[in-house]
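Just the heavy atoms: all of them, side chains too, but no hydrogens, waters or symmetry mates, feed the values below. We name chains A, B, ... by the order of the sequence lines, and we start the count at 1 in each one.
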Amino acid sequence: MADPRKILVTSALPYANGPIHIGHLVEYIQTDIWVKFQKLRGNECIYLCADDTHGTAIMMSAQRTGCTEEEWIARISDEHQRDFAGFGIEFENYGSTNSPENYELCKQFWQSFRDAGLIRQEAVTQLFDDEKGIFLADRFVRGTCPKCGAEEQYGDSCDQCGATYSAREIVNPVSTLSGTMPSVKTADHLFIQIEELHGFLEEWTQSGDHLQSEIANYLKGHFLNEPLRDWDVSRPQPYFGFEIPDAPGHFWFVWFDAPIGYMASTKQYCDRTGDDFNQWWKNPDTEIHHFIGKDITYFHTLFWPAMLKVAEFTLPTKIHIHGFLTVDGRKMSKRDGTFVKAETFLKHLNPAALRYYYAAKLNNRVEDLDLNLKEFTAKVNTDLVGKVVNLASRTAKFVEDLGLSTEYPDDGGLFNQGAEAGEAIAAAYENCDFNRAMRLIMELADRANPFVENREPWNLRKDPERQQELQDVCTVALNLFRQIAIYLQPVLPEIAEKTSSLLGDPITYWEQAATPLTGTPVAKFEHMMKRIEEKDVDAMIDESKEENAAAAAEANTTQYNDSAQPLIDEPLAEEITFDEFVKIDLRVARVVKAEHVEEANKLLKLTLSLGGDETRQVFAGIKKAYNPEDLEGRLVVMVANLAPRKMRFGMSEGMITAAGPGGEDVFMLNIDEGAQPGQRVH
RNA sequence: GGGCCUGUAGCUCAGUUGGUUAGAGCAGGGGACUCAUAAUCCCUUUGUCGGCGGUUCGAGUCCGUCCAGGCCUACCA
C-alpha cells in the first residue's frame, strides 16, 4: 500500500440558531462517509467541526428566550452533538467559534491582514433599531418598495417588481425585531481589500482541481471577471462575537471568524491528543478538504483561500460542494411536515436507513438531492434488508456449530470478482460519487443471492452425507456478505460491526475485502437491520407537522406574521359598555407562594399578595405550563373581585389572567417594570 | 437579461476517448422455491436516447439551434 495520506476534513459549521434537520444531514453524512472511507483505507484522517455561534441572530435568540448568548449556544451545541452522534457521525473534535482558541487564531489572521496593509476603514450608514439598540441587516427591515409601492418588502429587494435598493431607501421601514421605525445611523466598518489577491484567486480557483468545474466556471463569470469589492468584516457594537483588539467597539463579522473555527477545532484536537497543529495547517503534504453547501460557496472559495494565503497557512486541497435537499420533489416545508429534525427522525426510524439512502443518491456534482419517501422505504428494504443482510440471515444459522470451512471453497470466481471490484468502488468513494459506489456494491449482492439459491443449503442440511458441502456453501455466502459489509462500512458502520462479531474478526481496513475468512467460528445470528415500515415514515411526518404548528405559534409573535387561527378558534365576544367593563377589578398581584395540588392534573395553588397583608388564594389551571418555583415572586394580573368559588381542593378567591388554548399553551400576562402589587389595571 | 446544469423505459439512474440489434435497479406481469425480516430466484413487457439541423463510413455520445425543467445571478456581500 502507498504511504498513508494525511487528510483533514471539515463540514460547514452549523449555525447555533436552531436544530439539526435532515437537510443539514446530507452534508454531515456525506462527509462522515468520506472520512470513514479514508480511515478504512488506512489514511490518517481527522474530521473536525464546531458550532458557528456569532452574529445578530444569536443575540436575538438568546434575548427571546431570556438567557445569555453563552447559555444559548451551550444548549444548542449539546443538542447538535447529540443529534450528530445519533446518526453515527463522528468528529475528532467538535468545537465552537466562541472559544479562546478561535479568538487567538482570529487575532493572528487579523494581524496578517494588518501587516499586509489590506485593511481600510470606512463609514457605513445603516438603519438602526433604537429600541433594541442594534444596527439592522437588510433582512431585519421591512417596508414599502420605493419603486412600485408594494408593501411588506424586505430591506434589500422587492418581491413584486424585483427592484433592488438599500434599506435606507425603503418607505416606512419597520424593524422586524422590535416593530419600531428605525433611525439612520452611521458607523465605521473595517474592510479587507481582497482585490489585492485577485490574481492569486484567479489562479487558485481555475487550476489544480480545487473546485468542481461548474463552481470554477461560476466564479470566473461572476466574481473574477471584475474587480473584487472590499469585504466588510466588522460590525459595530453591540454584536455577539469577538471584539477586534486594535479597534475597540468593532467586532469581527461572523463570517470572518466562522471558517477560522475549523482551525480552532483542530487546535483543540491537537491540545487534547498532543498532535502538532502545524502538521495539519502548515504542511504542504497535508490534504485539507472542506465539505459545504452551495449557499456558502463564495465564502469558502474566495474569502477563505484569501485568508489562508495572507496568513500563510495551507490552502484547501478541495472544496466539495453539494446541493440542497428536497423531499418528494419539493423544498422542505414545515407545513408539509417534511422539515424533519434529526431528533424527530431518530424517534421513528433507523439512522442507517438515511445514511444508505443519501449515499445511494449522492454524486460529486452540485445537484439537489431528492428524498422521495416511497423510494426511500423501498430502496432501503430491498437493498439492505432483502439483498445484503439476507445473505447472512439465510445462511449463518446453518453453520453455527460448524464455523467456516478451513479452506475457501470454489465459488465460481465470485469472491475474486468482488475483490477486483474493490478498486473501482474505492475510486467512486474517493471521488464522492457514492451513488456509483453503492451501485457497484449492490451488483455484488445481486450475484451472491443466486449463488445461495442454486446451491440450496436448506436441502443440503437435511443430508448428513453433504455436511461439508453445506459448510462450503455457507462459507462462500458469508464471505461474500462480509466483503459487501466491508465495502459498506463507511456508510453502515453498525452492520460492519455486527458482521465482525458474527464472524469473530474485526473489520478495520479495506483490503480485508480481498481475502476470504476461513476456519473461524460463526456466532448465533442476530437481526442486523429492521425493515422500514410506511407507518413509521408517516408518523415521523405527522410529528414534524405538529412541531411546526407549535413553533409557528412562537415565531409569529416575533415576526408579525400572525395567524388568523386564534380568532377563528375563539371569536370576539359580544360588545359591552364601559360601565360593564369597569365592574371587573383587575389588580397587579405578587405570587408569594405557589404549590402543587395533590390529585390535581391542571391546577396550581397560588397565594397572591395585593400588598400589605392582603392576600388571596387562587387555584389556577396552569400546572402544565408553569413550574411553581418559577412563579414565586413574579407579578401577575388577577381578577380581584370575582366571587369566591368552592373547589374540590379549597376556596379559589379570584383568577389569574392568561391567554392561550390551555394545557401546555398558557401564557400569563406580564406587567412592565415599576408596577406595584395592589394597583388596579385600567 | 446573463451564467451554469439537466433532459435515456412508469420511477431512479448507468452508458467509458463517437463503433455493431441502447442497459441496470425498482415498479408491473408470469412462474419457482421455502433457508431467510411475505425476504429470495428465474422468465418477461416498455424506449422516435427532449425536437430539429449538421459533422462523420458510423452519434445517446461531437457541433449548432430550438423546447422543457432546475439552480445561481441581475450591480448585496
Using heavy-atom distances to pick each residue's nearest nucleotide on RNA chain B, tell me which of A:E367 and A:N363 is more 5'. A:E367

Dot-bracket for RNA chain B, 5' to 3', counting Watson-Crick or G-U wobble pairs under 3.5 Å, with [ ] for crossing pairs and | for inter-strand pairs? (((((((..((((.....[...)))).(((((.......))))).....(((((..]....))))))))))))....

Heavy atoms only, 4.0 Å cut-off, all strands: where does A:F303 land among base, sugar-phosphate and nothing? sugar-phosphate

What residues 475-501 of chain A contributes to the RNA chain B interface at heavy-atom separation below 4.0 Å is none

Using a cut-off of 4.0 Å on non-hydrogen atoms, how would the nucleic acid contact of A:N449 be classed: base, sugar-phosphate, or nothing? sugar-phosphate

Starting at CZ of A:F434, measure out to OH of A:Y356 and round the result to the nearest 0.5 Å. 13.5 Å

Is any side-chain heavy atom of A:N479 closer than 4.5 Å to a side-chain heavy atom of A:R482? yes

May I ask you to say what A:K397 touches in the nucleic acid, namely base, sugar-phosphate or nothing, with a heavy-atom cut-off under 4.0 Å? sugar-phosphate

Taking side chain as C-beta onward, heavy atoms only, is A:T205 less than 4.5 Å from A:F200? no

Quick check for you: among B:rA14, B:rU12, B:rA39, whose closest atom lies nearest to any side-chain atom of A:R531? B:rA39

With rounding to whole Å, what would you report as the distance between B:rC13 and B:rG31 at their P atoms? 33 Å

Heavy atoms only, 4.0 Å cut-off, all strands: where does A:V389 land among base, sugar-phosphate and nothing? base

Among the nucleotides B:rA39, B:rC13, B:rC41, which one has an atom lying closest to any side-chain atom of A:K361? B:rC13

Shortest side-chain distance from A:T382, nucleotide among B:rU37, B:rU40, B:rA77: B:rU40

Of all the nucleotides listed (B:rU6, B:rG25, B:rA36), which has the minimum atom distance to the side chain of A:K387? B:rG25

What residues from residues 455-470 of chain A pass a heavy-atom cutoff of under 4.0 Å to RNA chain B? A:W458, A:R461

Need one value for A:M528: base, sugar-phosphate or nothing, where a base atom within 4.0 Å counts as base even if backbone is also close, heavy atoms only. base

I want to verify a distance call: between B:rC71, B:rU40, B:rA14, whose nearest atom is closest to the A:K294 side chain? B:rC71

Student check: side-chain heavy atoms of A:I58 and A:N17 closer than 4.5 Å: yes

Between the CD1 atom in A:I33 and the CG atom in A:L362, the distance rounded to the nearest 0.5 Å is 7.0 Å

Given side chains that start at C-beta, do those of A:F135 and A:V124 come closer than 4.5 Å, heavy atoms only? no

How many angstroms lie between atom OH of A:Y358 and atom CD of A:Q30, to the nearest 0.5 angstrom? 11.5 Å

Out of A:K331, A:K361, A:K294, which one pairs with A:D368 under the salt bridge (Lys or Arg N to Asp or Glu O under 4.0 Å) rule? A:K294

Minimum-distance nucleotide to A:R394 side chain [options: B:rC42, B:rC13, B:rU40]: B:rU40

Which nucleotide wins on minimum distance to the side chain of A:M529, given the candidates B:rA36, B:rG25, B:rU37? B:rU37

Check whether the ring centres of A:H322 and A:F291 lie less than 6.0 Å apart, and answer yes or no. no

A:R229, nearest nucleotide to its side chain (from B:rC75, B:rC42, B:rU12): B:rC75

How long is the straight-line distance from CD1 of A:I495 back to CG of A:L488, given to the nearest 0.5 Å? 8.0 Å

Could you tell me if the ring centre of A:F303 sits under 6.0 Å from that of A:W231? yes

Under 4.0 Å, heavy atoms only, any strand: does A:F398 hit a base, just the sugar-phosphate, or nothing? sugar-phosphate

Assign A:K374 to base, sugar-phosphate, or nothing according to its heavy-atom contacts below 4.0 angstrom with the strands shown. nothing

Tell me whether the rings of A:F299 and A:W255 are parallel (<30°), tilted (30 to 60°) or perpendicular (>60°). parallel

Touch check for A:M442, heavy atoms < 4.0 angstrom, all strands: base, sugar-phosphate only, or nothing? nothing

Without decimals, in angstroms, what is the distance between A:N435 CG and B:rC26 C1'? 14 Å

Taking for each residue the nucleotide of RNA chain B with the nearest heavy atom, is it A:D230 or A:E453 whose nucleotide lies nearer the 5' end? A:E453

Counting heavy atoms from C-beta on, name the nucleotide in B:rC13, B:rC72, B:rG25 closest to the side chain of A:D446. B:rG25

Measure up the A:F223 and A:Y298 rings against each other and bin them: parallel (under 30°), tilted (30 to 60°), perpendicular (over 60°). tilted

